[in-house]
Amino acid sequence: MAECHRLTFESCRSRHTLTWSHRALATSSGGNVRAVAAGRIEKLWRQFFSDPSQWWDCRPEKVNSNYPDFKHKHTQDALWLVHRKNPTWVRAQLAAMAPGTVQLDMFSWNRRLARYVKAGQHEKTIELYQEMQQKGMSPDNFTFVPVLNACASLRALEAGRKVHEEIIQSGCEADVFVGNSLVDMYSKCGSIEDACKVFNNMPSRDVVTWNAMILGHVKCGQGQKALELFHQMQQKGVQPTPATLIGVLNACASMFALQEGRCTHEQIIESGWESDVFVGSSLVDMYAKCGSMEDAERVFNKMLSRNVVTWTTMILGYVKCGQGSKALELFQQMQQEGVQSDPVMFVGVLNACASIVALEEGRHAHEQIIQSGYESVAVVGNSLIDMYAKCGSIEDAKRVFNKLPSRDVVSWNVMIFGHVKYGQRAKSTGIISTNARGRCTASSIDFSGSAECMCKCSCT
DNA sequence: ATAGGGTTAG
(Lines give C-alpha, C1' and ligand atoms only; values in the text may rest on other atoms or scores of the structure.)
Protein backbone atom coordinates (compact mmCIF):
# COMPACT_ATOMS: atom_id res chain seq x y z
CA MET A 1 0.00 0.00 0.00
CA ALA A 2 2.85 2.36 0.78
CA GLU A 3 4.02 1.87 -2.78
CA CYS A 4 0.64 2.73 -4.19
CA HIS A 5 0.74 5.88 -2.21
CA ARG A 6 3.73 7.00 -4.19
CA LEU A 7 2.10 6.48 -7.57
CA THR A 8 1.22 9.54 -9.53
CA PHE A 9 -2.11 10.08 -11.14
CA GLU A 10 -0.64 9.86 -14.65
CA SER A 11 1.21 6.60 -14.08
CA CYS A 12 -1.92 5.02 -12.72
CA ARG A 13 -4.13 6.20 -15.52
CA SER A 14 -2.48 3.84 -17.95
CA ARG A 15 -3.78 0.86 -16.05
CA HIS A 16 -6.70 -0.69 -17.80
CA THR A 17 -8.95 -1.09 -14.83
CA LEU A 18 -8.51 2.45 -13.77
CA THR A 19 -9.01 3.77 -17.26
CA TRP A 20 -12.20 1.84 -17.66
CA SER A 21 -13.38 2.89 -14.27
CA HIS A 22 -12.88 6.50 -15.30
CA ARG A 23 -14.86 5.86 -18.36
CA ALA A 24 -17.70 4.26 -16.50
CA LEU A 25 -17.74 7.08 -14.02
CA ALA A 26 -17.74 9.65 -16.73
CA THR A 27 -20.55 7.85 -18.52
CA SER A 28 -22.57 7.39 -15.39
CA SER A 29 -22.41 11.10 -14.73
CA GLY A 30 -23.94 11.81 -18.10
CA GLY A 31 -20.86 13.14 -19.88
CA ASN A 32 -19.51 12.12 -23.25
CA VAL A 33 -16.63 9.72 -22.63
CA ARG A 34 -14.31 11.19 -25.17
CA ALA A 35 -15.17 14.74 -24.28
CA VAL A 36 -14.40 14.42 -20.61
CA ALA A 37 -11.03 15.95 -19.89
CA ALA A 38 -8.52 14.39 -17.54
CA GLY A 39 -9.16 17.07 -14.95
CA ARG A 40 -12.86 16.40 -15.00
CA ILE A 41 -12.26 12.66 -14.54
CA GLU A 42 -10.07 13.33 -11.58
CA LYS A 43 -12.78 15.50 -10.12
CA LEU A 44 -15.29 12.70 -10.57
CA TRP A 45 -12.94 10.34 -8.83
CA ARG A 46 -12.68 12.72 -5.93
CA GLN A 47 -16.46 12.95 -5.68
CA PHE A 48 -16.70 9.22 -5.86
CA PHE A 49 -14.15 8.64 -3.14
CA SER A 50 -15.62 11.24 -0.86
CA ASP A 51 -18.87 9.33 -0.75
CA PRO A 52 -18.30 5.83 0.65
CA SER A 53 -21.92 4.90 0.01
CA GLN A 54 -20.99 4.66 -3.66
CA TRP A 55 -18.20 2.19 -3.03
CA TRP A 56 -20.34 -0.81 -3.34
CA ASP A 57 -22.45 -1.33 -6.32
CA CYS A 58 -25.65 -2.42 -4.67
CA ARG A 59 -27.92 -2.24 -7.65
CA PRO A 60 -30.16 -5.29 -7.95
CA GLU A 61 -29.30 -5.97 -11.59
CA LYS A 62 -26.09 -7.65 -12.68
CA VAL A 63 -23.04 -5.94 -11.27
CA ASN A 64 -21.50 -3.56 -13.76
CA SER A 65 -17.96 -4.74 -14.12
CA ASN A 66 -16.76 -1.34 -15.27
CA TYR A 67 -17.95 0.42 -12.20
CA PRO A 68 -15.16 0.98 -9.70
CA ASP A 69 -15.40 -0.53 -6.28
CA PHE A 70 -12.98 -1.58 -3.61
CA LYS A 71 -12.85 -5.26 -4.42
CA HIS A 72 -10.11 -4.38 -6.85
CA LYS A 73 -6.53 -3.76 -5.92
CA HIS A 74 -6.41 -1.14 -8.67
CA THR A 75 -9.29 0.70 -7.14
CA GLN A 76 -7.63 0.55 -3.75
CA ASP A 77 -4.53 1.93 -5.40
CA ALA A 78 -6.62 4.72 -6.76
CA LEU A 79 -7.90 5.45 -3.31
CA TRP A 80 -4.35 5.99 -2.12
CA LEU A 81 -3.65 7.99 -5.18
CA VAL A 82 -6.51 10.41 -4.97
CA HIS A 83 -6.27 10.91 -1.25
CA ARG A 84 -2.51 10.81 -1.07
CA LYS A 85 -2.45 14.00 0.95
CA ASN A 86 -4.44 12.30 3.68
CA PRO A 87 -3.05 8.81 4.32
CA THR A 88 -4.67 8.62 7.75
CA TRP A 89 -8.08 8.91 6.18
CA VAL A 90 -7.25 6.27 3.55
CA ARG A 91 -6.01 3.87 6.19
CA ALA A 92 -9.20 4.34 8.17
CA GLN A 93 -11.32 3.66 5.09
CA LEU A 94 -9.37 0.53 4.24
CA ALA A 95 -9.61 -0.66 7.85
CA ALA A 96 -13.35 -0.26 7.60
CA MET A 97 -13.25 -2.70 4.69
CA ALA A 98 -11.35 -5.34 6.66
CA PRO A 99 -12.60 -8.91 6.33
CA GLY A 100 -15.75 -9.39 8.31
CA THR A 101 -16.68 -5.74 8.08
CA VAL A 102 -17.47 -5.80 4.44
CA GLN A 103 -19.33 -8.66 2.90
CA LEU A 104 -17.73 -10.17 -0.15
CA ASP A 105 -19.89 -10.09 -3.21
CA MET A 106 -20.75 -13.09 -5.33
CA PHE A 107 -18.03 -12.40 -7.80
CA SER A 108 -15.33 -12.59 -5.16
CA TRP A 109 -16.73 -15.80 -3.67
CA ASN A 110 -16.97 -17.42 -7.05
CA ARG A 111 -13.49 -16.36 -7.99
CA ARG A 112 -12.10 -17.86 -4.79
CA LEU A 113 -13.94 -21.13 -5.46
CA ALA A 114 -12.61 -21.26 -9.00
CA ARG A 115 -9.06 -20.66 -7.79
CA TYR A 116 -9.22 -23.49 -5.28
CA VAL A 117 -10.50 -25.89 -7.91
CA LYS A 118 -7.79 -24.89 -10.33
CA ALA A 119 -5.16 -25.48 -7.65
CA GLY A 120 -6.56 -28.95 -7.03
CA GLN A 121 -7.68 -28.09 -3.51
CA HIS A 122 -11.05 -29.75 -3.76
CA GLU A 123 -11.76 -30.13 -0.03
CA LYS A 124 -11.08 -26.44 0.43
CA THR A 125 -13.53 -25.65 -2.36
CA ILE A 126 -16.29 -27.51 -0.53
CA GLU A 127 -15.37 -25.85 2.77
CA LEU A 128 -15.49 -22.41 1.18
CA TYR A 129 -18.85 -23.21 -0.37
CA GLN A 130 -20.22 -24.14 3.05
CA GLU A 131 -18.73 -21.03 4.60
CA MET A 132 -20.37 -18.96 1.92
CA GLN A 133 -23.76 -20.51 2.62
CA GLN A 134 -23.34 -19.95 6.34
CA LYS A 135 -22.74 -16.28 5.66
CA GLY A 136 -26.13 -16.13 4.02
CA MET A 137 -24.98 -15.80 0.42
CA SER A 138 -27.18 -17.58 -2.06
CA PRO A 139 -25.00 -19.30 -4.66
CA ASP A 140 -25.48 -18.60 -8.35
CA ASN A 141 -24.71 -20.48 -11.55
CA PHE A 142 -21.08 -19.38 -11.41
CA THR A 143 -20.77 -20.86 -7.92
CA PHE A 144 -22.09 -24.29 -8.77
CA VAL A 145 -19.64 -25.08 -11.55
CA PRO A 146 -16.46 -25.14 -9.40
CA VAL A 147 -18.30 -26.82 -6.53
CA LEU A 148 -19.55 -29.63 -8.78
CA ASN A 149 -16.09 -29.88 -10.22
CA ALA A 150 -14.68 -30.45 -6.73
CA CYS A 151 -17.33 -33.09 -5.99
CA ALA A 152 -16.44 -34.85 -9.24
CA SER A 153 -12.72 -34.89 -8.43
CA LEU A 154 -13.39 -36.15 -4.91
CA ARG A 155 -15.85 -38.74 -6.27
CA ALA A 156 -18.22 -37.39 -3.65
CA LEU A 157 -21.58 -38.57 -4.98
CA GLU A 158 -23.62 -37.73 -1.88
CA ALA A 159 -22.18 -34.22 -1.64
CA GLY A 160 -22.87 -33.83 -5.36
CA ARG A 161 -26.50 -34.85 -4.94
CA LYS A 162 -26.89 -32.26 -2.20
CA VAL A 163 -25.46 -29.58 -4.47
CA HIS A 164 -27.87 -30.73 -7.19
CA GLU A 165 -30.79 -30.12 -4.82
CA GLU A 166 -29.47 -26.66 -4.06
CA ILE A 167 -29.19 -25.99 -7.79
CA ILE A 168 -32.85 -26.87 -8.24
CA GLN A 169 -33.76 -24.60 -5.32
CA SER A 170 -31.81 -21.70 -6.76
CA GLY A 171 -33.30 -22.15 -10.21
CA CYS A 172 -29.96 -22.54 -11.97
CA GLU A 173 -30.79 -25.93 -13.50
CA ALA A 174 -31.31 -24.47 -16.94
CA ASP A 175 -27.80 -23.03 -17.21
CA VAL A 176 -25.79 -25.04 -19.77
CA PHE A 177 -22.57 -24.77 -17.76
CA VAL A 178 -24.27 -26.01 -14.62
CA GLY A 179 -25.93 -28.84 -16.52
CA ASN A 180 -22.64 -29.87 -18.09
CA SER A 181 -20.93 -29.87 -14.71
CA LEU A 182 -23.77 -31.97 -13.29
CA VAL A 183 -23.44 -34.53 -16.08
CA ASP A 184 -19.70 -34.66 -15.52
CA MET A 185 -20.03 -34.91 -11.75
CA TYR A 186 -22.51 -37.80 -11.92
CA SER A 187 -20.53 -39.74 -14.49
CA LYS A 188 -17.24 -39.27 -12.62
CA CYS A 189 -18.90 -40.34 -9.38
CA GLY A 190 -19.98 -43.53 -11.11
CA SER A 191 -23.68 -42.80 -11.50
CA ILE A 192 -24.19 -42.73 -15.24
CA GLU A 193 -27.95 -43.13 -14.69
CA ASP A 194 -28.12 -39.76 -12.94
CA ALA A 195 -25.94 -38.23 -15.65
CA CYS A 196 -28.45 -39.44 -18.27
CA LYS A 197 -31.35 -38.08 -16.23
CA VAL A 198 -29.77 -34.64 -16.10
CA PHE A 199 -28.92 -34.83 -19.80
CA ASN A 200 -32.48 -35.73 -20.77
CA ASN A 201 -33.90 -32.83 -18.77
CA MET A 202 -31.52 -30.21 -20.09
CA PRO A 203 -33.39 -27.48 -21.99
CA SER A 204 -30.31 -26.57 -23.99
CA ARG A 205 -27.15 -28.53 -24.74
CA ASP A 206 -23.89 -27.77 -26.43
CA VAL A 207 -20.90 -29.76 -27.62
CA VAL A 208 -19.47 -30.00 -24.09
CA THR A 209 -22.71 -31.63 -22.92
CA TRP A 210 -22.32 -34.31 -25.56
CA ASN A 211 -18.63 -34.71 -24.80
CA ALA A 212 -19.29 -35.18 -21.10
CA MET A 213 -21.91 -37.82 -21.91
CA ILE A 214 -19.72 -39.66 -24.41
CA LEU A 215 -16.70 -39.69 -22.10
CA GLY A 216 -18.85 -40.66 -19.14
CA HIS A 217 -20.19 -43.71 -20.98
CA VAL A 218 -16.75 -44.75 -22.13
CA LYS A 219 -15.36 -44.54 -18.60
CA CYS A 220 -18.09 -46.78 -17.22
CA GLY A 221 -17.57 -49.36 -19.92
CA GLN A 222 -20.53 -48.52 -22.14
CA GLY A 223 -18.62 -47.99 -25.37
CA GLN A 224 -21.56 -48.88 -27.60
CA LYS A 225 -23.76 -46.27 -25.93
CA ALA A 226 -20.96 -43.73 -26.36
CA LEU A 227 -20.90 -44.36 -30.12
CA GLU A 228 -24.68 -44.05 -30.29
CA LEU A 229 -24.47 -40.70 -28.51
CA PHE A 230 -21.84 -39.58 -31.01
CA HIS A 231 -24.14 -40.44 -33.91
CA GLN A 232 -27.06 -38.65 -32.28
CA MET A 233 -24.88 -35.62 -31.75
CA GLN A 234 -23.91 -35.55 -35.41
CA GLN A 235 -27.52 -35.91 -36.49
CA LYS A 236 -28.28 -32.77 -34.51
CA GLY A 237 -25.55 -30.99 -36.43
CA VAL A 238 -23.21 -30.47 -33.47
CA GLN A 239 -19.59 -30.30 -34.64
CA PRO A 240 -17.14 -32.53 -32.74
CA THR A 241 -14.21 -31.10 -30.81
CA PRO A 242 -11.00 -32.92 -29.75
CA ALA A 243 -12.70 -34.08 -26.54
CA THR A 244 -15.47 -35.69 -28.62
CA LEU A 245 -13.01 -37.47 -30.89
CA ILE A 246 -10.92 -38.68 -27.97
CA GLY A 247 -14.05 -40.09 -26.36
CA VAL A 248 -15.09 -41.87 -29.54
CA LEU A 249 -11.60 -43.31 -30.10
CA ASN A 250 -11.54 -44.53 -26.49
CA ALA A 251 -14.91 -46.17 -27.07
CA CYS A 252 -13.58 -47.97 -30.16
CA ALA A 253 -10.46 -49.05 -28.27
CA SER A 254 -12.48 -50.36 -25.34
CA MET A 255 -14.52 -52.55 -27.70
CA PHE A 256 -11.58 -53.50 -29.96
CA ALA A 257 -13.70 -52.09 -32.78
CA LEU A 258 -11.04 -51.55 -35.44
CA GLN A 259 -13.56 -50.94 -38.22
CA GLU A 260 -15.39 -48.27 -36.26
CA GLY A 261 -12.01 -46.81 -35.32
CA ARG A 262 -10.99 -46.51 -38.96
CA CYS A 263 -14.23 -44.71 -39.76
CA THR A 264 -13.56 -42.30 -36.91
CA HIS A 265 -10.04 -41.77 -38.26
CA GLU A 266 -11.52 -40.72 -41.59
CA GLN A 267 -13.88 -38.34 -39.87
CA ILE A 268 -10.97 -36.87 -37.94
CA ILE A 269 -9.12 -36.18 -41.17
CA GLU A 270 -12.23 -34.54 -42.61
CA SER A 271 -12.74 -32.43 -39.51
CA GLY A 272 -9.17 -31.18 -39.57
CA TRP A 273 -8.38 -32.21 -35.99
CA GLU A 274 -5.80 -34.72 -37.24
CA SER A 275 -2.87 -32.52 -36.19
CA ASP A 276 -4.06 -32.16 -32.59
CA VAL A 277 -1.58 -33.96 -30.28
CA PHE A 278 -4.32 -35.26 -28.00
CA VAL A 279 -6.36 -36.60 -30.92
CA GLY A 280 -3.25 -38.06 -32.58
CA SER A 281 -2.16 -39.82 -29.41
CA SER A 282 -5.64 -41.24 -28.97
CA LEU A 283 -5.56 -42.49 -32.55
CA VAL A 284 -2.26 -44.25 -31.89
CA ASP A 285 -3.72 -45.71 -28.72
CA MET A 286 -6.87 -46.87 -30.48
CA TYR A 287 -4.92 -48.70 -33.19
CA ALA A 288 -2.53 -50.22 -30.65
CA LYS A 289 -5.37 -51.43 -28.45
CA CYS A 290 -7.22 -52.82 -31.45
CA GLY A 291 -4.09 -54.83 -32.26
CA SER A 292 -2.96 -52.97 -35.36
CA MET A 293 0.53 -51.71 -34.58
CA GLU A 294 1.07 -51.06 -38.31
CA ASP A 295 -1.68 -48.45 -38.30
CA ALA A 296 -0.43 -47.05 -35.00
CA GLU A 297 3.05 -46.66 -36.51
CA ARG A 298 1.64 -45.01 -39.61
CA VAL A 299 -0.22 -42.42 -37.57
CA PHE A 300 2.73 -41.93 -35.23
CA ASN A 301 5.17 -41.34 -38.08
CA LYS A 302 2.85 -38.83 -39.72
CA MET A 303 2.23 -36.82 -36.58
CA LEU A 304 3.52 -33.26 -36.77
CA SER A 305 3.89 -32.87 -33.03
CA ARG A 306 4.36 -35.61 -30.48
CA ASN A 307 4.85 -35.51 -26.77
CA VAL A 308 5.73 -37.91 -23.98
CA VAL A 309 2.20 -39.32 -23.98
CA THR A 310 2.40 -40.13 -27.68
CA TRP A 311 5.71 -41.95 -27.21
CA THR A 312 4.46 -43.80 -24.13
CA THR A 313 1.38 -44.94 -26.03
CA MET A 314 3.61 -46.45 -28.70
CA ILE A 315 5.94 -48.05 -26.13
CA LEU A 316 3.04 -49.63 -24.26
CA GLY A 317 1.52 -50.74 -27.56
CA TYR A 318 4.70 -52.60 -28.50
CA VAL A 319 4.94 -54.20 -25.06
CA LYS A 320 1.37 -55.39 -25.30
CA CYS A 321 1.85 -57.06 -28.64
CA GLY A 322 5.04 -58.78 -27.49
CA GLN A 323 7.58 -56.51 -29.19
CA GLY A 324 9.48 -55.42 -26.10
CA SER A 325 12.75 -54.77 -27.93
CA LYS A 326 10.99 -52.45 -30.35
CA ALA A 327 9.60 -50.59 -27.36
CA LEU A 328 13.12 -50.10 -25.99
CA GLU A 329 14.36 -48.90 -29.38
CA LEU A 330 11.61 -46.34 -29.36
CA PHE A 331 12.60 -45.25 -25.87
CA GLN A 332 16.14 -44.58 -27.07
CA GLN A 333 14.89 -42.70 -30.08
CA MET A 334 12.69 -40.63 -27.83
CA GLN A 335 15.61 -39.68 -25.62
CA GLN A 336 17.68 -38.74 -28.66
CA GLU A 337 14.92 -36.37 -29.68
CA GLY A 338 15.13 -34.78 -26.26
CA VAL A 339 11.57 -35.48 -25.17
CA GLN A 340 11.07 -34.84 -21.47
CA SER A 341 10.25 -38.10 -19.69
CA ASP A 342 7.66 -38.62 -16.99
CA PRO A 343 6.67 -41.38 -14.52
CA VAL A 344 4.15 -43.12 -16.78
CA MET A 345 6.73 -43.33 -19.53
CA PHE A 346 9.12 -45.13 -17.19
CA VAL A 347 6.35 -47.57 -16.31
CA GLY A 348 6.16 -48.37 -20.02
CA VAL A 349 9.92 -48.78 -20.30
CA LEU A 350 10.09 -51.03 -17.22
CA ASN A 351 7.25 -53.12 -18.63
CA ALA A 352 9.23 -53.47 -21.82
CA CYS A 353 12.35 -54.58 -19.92
CA ALA A 354 10.34 -57.07 -17.89
CA SER A 355 8.66 -58.49 -20.98
CA ILE A 356 11.96 -59.36 -22.66
CA VAL A 357 13.93 -60.05 -19.46
CA ALA A 358 16.34 -57.19 -20.11
CA LEU A 359 17.93 -56.71 -16.70
CA GLU A 360 20.71 -54.41 -17.88
CA GLU A 361 18.33 -52.02 -19.62
CA GLY A 362 16.11 -52.21 -16.56
CA ARG A 363 18.97 -51.18 -14.28
CA HIS A 364 19.83 -48.33 -16.60
CA ALA A 365 16.22 -47.14 -16.53
CA HIS A 366 16.32 -47.39 -12.73
CA GLU A 367 19.30 -45.02 -12.66
CA GLN A 368 17.45 -42.55 -14.83
CA ILE A 369 14.40 -42.84 -12.59
CA ILE A 370 16.52 -41.96 -9.57
CA GLN A 371 18.03 -39.04 -11.45
CA SER A 372 14.59 -37.75 -12.37
CA GLY A 373 13.33 -38.15 -8.82
CA TYR A 374 10.49 -40.50 -9.77
CA GLU A 375 11.50 -43.38 -7.52
CA SER A 376 9.03 -42.30 -4.85
CA VAL A 377 6.11 -42.38 -7.31
CA ALA A 378 4.03 -45.42 -6.33
CA VAL A 379 3.42 -46.83 -9.83
CA VAL A 380 7.08 -46.44 -10.73
CA GLY A 381 8.20 -48.26 -7.58
CA ASN A 382 5.80 -51.11 -8.26
CA SER A 383 6.97 -51.38 -11.87
CA LEU A 384 10.58 -51.50 -10.67
CA ILE A 385 9.79 -54.39 -8.30
CA ASP A 386 7.93 -56.14 -11.08
CA MET A 387 10.76 -55.63 -13.54
CA TYR A 388 13.42 -56.94 -11.14
CA ALA A 389 11.27 -59.89 -10.13
CA LYS A 390 10.51 -60.83 -13.72
CA CYS A 391 14.16 -60.44 -14.64
CA GLY A 392 15.00 -62.86 -11.84
CA SER A 393 16.74 -60.44 -9.52
CA ILE A 394 14.74 -60.91 -6.34
CA GLU A 395 17.38 -59.16 -4.24
CA ASP A 396 16.98 -55.95 -6.25
CA ALA A 397 13.21 -56.26 -6.07
CA LYS A 398 13.41 -56.56 -2.31
CA ARG A 399 15.71 -53.56 -2.04
CA VAL A 400 13.24 -51.40 -3.97
CA PHE A 401 10.33 -52.81 -1.99
CA ASN A 402 11.96 -51.98 1.34
CA LYS A 403 12.66 -48.44 0.19
CA LEU A 404 9.10 -47.70 -0.96
CA PRO A 405 7.62 -44.77 0.96
CA SER A 406 4.18 -46.39 0.84
CA ARG A 407 3.13 -49.85 -0.23
CA ASP A 408 -0.21 -50.61 -1.80
CA VAL A 409 -1.87 -53.90 -2.72
CA VAL A 410 -0.05 -53.92 -6.03
CA SER A 411 3.36 -53.61 -4.33
CA TRP A 412 2.61 -56.65 -2.21
CA ASN A 413 1.19 -58.67 -5.07
CA VAL A 414 4.11 -57.94 -7.32
CA MET A 415 6.52 -58.89 -4.54
CA ILE A 416 4.68 -62.09 -3.68
CA PHE A 417 4.40 -63.04 -7.33
CA GLY A 418 8.12 -62.54 -7.74
CA HIS A 419 9.01 -64.63 -4.72
CA VAL A 420 6.64 -67.43 -5.55
CA LYS A 421 7.63 -67.58 -9.17
CA TYR A 422 11.27 -67.83 -8.27
CA GLY A 423 10.70 -70.44 -5.61
CA GLN A 424 11.33 -68.60 -2.39
CA ARG A 425 8.27 -69.72 -0.54
CA ALA A 426 9.48 -68.93 2.93
CA LYS A 427 9.95 -65.28 2.14
CA SER A 428 6.58 -64.83 0.59
CA THR A 429 5.05 -66.38 3.69
CA GLY A 430 6.67 -63.67 5.74
CA ILE A 431 5.37 -60.98 3.44
CA ILE A 432 1.83 -62.10 3.61
CA SER A 433 1.76 -62.20 7.38
CA THR A 434 3.12 -58.65 7.47
CA ASN A 435 0.58 -57.51 4.92
CA ALA A 436 -2.38 -59.17 6.48
CA ARG A 437 -3.53 -56.33 8.76
CA GLY A 438 -5.18 -59.01 10.83
CA ARG A 439 -7.25 -60.28 7.97
CA CYS A 440 -5.01 -62.79 6.38
CA THR A 441 -2.34 -64.68 8.24
CA ALA A 442 0.42 -66.78 6.81
CA SER A 443 -1.04 -69.99 8.16
CA SER A 444 -4.37 -69.36 6.43
CA ILE A 445 -2.82 -69.26 3.00
CA ASP A 446 -2.51 -72.33 0.89
CA PHE A 447 0.89 -71.98 -0.68
CA SER A 448 0.38 -74.96 -2.90
CA GLY A 449 -1.93 -72.77 -4.98
CA SER A 450 -0.84 -70.75 -7.96
CA ALA A 451 0.88 -67.43 -7.62
CA GLU A 452 -2.15 -65.70 -9.08
CA CYS A 453 -4.35 -67.25 -6.46
CA MET A 454 -2.13 -65.93 -3.73
CA CYS A 455 -2.10 -62.50 -5.23
CA LYS A 456 -5.87 -62.51 -4.96
CA CYS A 457 -5.58 -63.75 -1.42
CA SER A 458 -3.45 -60.81 -0.39
CA CYS A 459 -6.03 -58.41 -1.76
CA THR A 460 -8.86 -59.56 0.46
C1' DA B 1 -13.33 -6.14 -26.53
C1' DT B 2 -12.35 -5.17 -20.99
C1' DA B 3 -13.39 -9.45 -14.20
C1' DG B 4 -15.61 -15.35 -13.00
C1' DG B 5 -17.68 -21.09 -14.96
C1' DG B 6 -17.84 -26.80 -18.17
C1' DT B 7 -15.57 -31.81 -21.43
C1' DT B 8 -9.94 -33.62 -23.36
C1' DA B 9 -4.86 -38.64 -24.84
C1' DG B 10 -0.52 -42.87 -22.20
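None of the values given here were measured: they were computed from a predicted structure. Order of the sequence lines sets the chain letters (A, B, ...), proteins ahead of strands, with each chain counted from 1.
A salt bridge does not link R262(A) to E266(A): none of the charged side-chain nitrogens sits closer than 4.0 Å to a carboxylate oxygen.
Atoms CG (D276(A)) and C1' (dA9(B)) sit 9 Å apart, rounded to a whole Å. As a whole-Å value, the separation of K118(A) NZ from dA3(B) P is 16 Å.
Closest contact between the side chain of V277(A) and the listed nucleotides dG4(B), dA9(B), dT7(B) involves dA9(B). Among dA9(B), dG5(B), dG10(B), the nucleotide with an atom closest to any side-chain atom of I246(A) is dA9(B). Of the candidates dA9(B), dG5(B), dG10(B), dG5(B) carries the atom nearest the V178(A) side chain, counting heavy atoms from C-beta on. Picking from dT7(B), dG5(B), dA9(B) the nucleotide with the shortest atom distance to the side chain of K188(A) gives dT7(B). Nearest nucleotide to the side chain of F177(A), out of dT7(B), dG10(B), dG5(B): dG5(B).
A donor-acceptor pair under 3.5 Å is absent between the side-chain atoms of D285(A) and the main chain of S281(A), judged by distance alone.
Contacts between residues 302-310 of chain A and DNA chain B, defined by a heavy-atom separation under 4.0 Å, are made by N307(A), V308(A), V309(A). Within residues 227-243 of chain A, the residues having any heavy atom under 4.0 Å from DNA chain B are, by residue number, P242(A), A243(A). Within a heavy-atom distance below 4.0 Å of DNA chain B, the residues of residues 324-352 of chain A found are D342(A), V344(A), M345(A). Across residues 280-301 of chain A, S281(A), S282(A), D285(A) each have a non-hydrogen atom less than 4.0 Å from an atom of DNA chain B (numbered order).
Pairing each heavy atom of G247(A) with each of L215(A), the nearest pair is CA-CD2, 3.6 Å.
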Legend entry - Derivation and outcome, ring-ring contact (aromatic ring centres under 6.0 Å, His included), residues W210(A) and F199(A): CA-CA 9 Å; W210(A) 290 97; F199(A) 178 81; 5.1 Å; yes

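Under the salt bridge (charged side-chain N to carboxylate O under 4.0 Å, His left out) criterion, the residue pairs touching residues 308-331 of chain A are E297(A)-K326(A), with sequence neighbours excluded.
For T313(A) against dG10(B), no side-chain N or O and base N or O form a donor-acceptor pair under 3.5 Å. Checked by distance alone, N149(A) brings no side-chain donor or acceptor within 3.5 Å of a matching partner on the base of dG5(B).
For Y116(A), the ring-ring contact (aromatic ring centres under 6.0 Å, His included) test picks out no residue, with sequence neighbours left out. Judged as a side chain to side chain contact (heavy atoms under 4.5 Å, CB included), and not counting sequence neighbours, the contacts of E375(A) are I369(A), I370(A), K403(A). Here H366(A) pairs with Y388(A) under the ring-ring contact (aromatic ring centres under 6.0 Å, His included) rule; sequence neighbours left out. By the ring-ring contact (aromatic ring centres under 6.0 Å, His included) test, Y287(A) is found to be paired with H265(A), residues two or more places apart in sequence or in another chain being considered. Legend: residues meeting side chain to side chain contact (heavy atoms under 4.5 Å, CB included) with Q224(A), ordered by chain and number and at least two apart, are E228(A), M255(A). In this structure Y129(A) satisfies the side-chain hydrogen bond (donor to acceptor under 3.5 Å, both in side chains) test together with Q133(A), E166(A), sequence neighbours excluded. Partners of F300(A) by side chain to side chain contact (heavy atoms under 4.5 Å, CB included), not counting sequence neighbours, listed by chain and number: V284(A), R306(A), T310(A), W311(A), M314(A).
No hydrogens or angles considered: a donor-acceptor pair under 3.5 Å links the side chains of D206(A) and T209(A).
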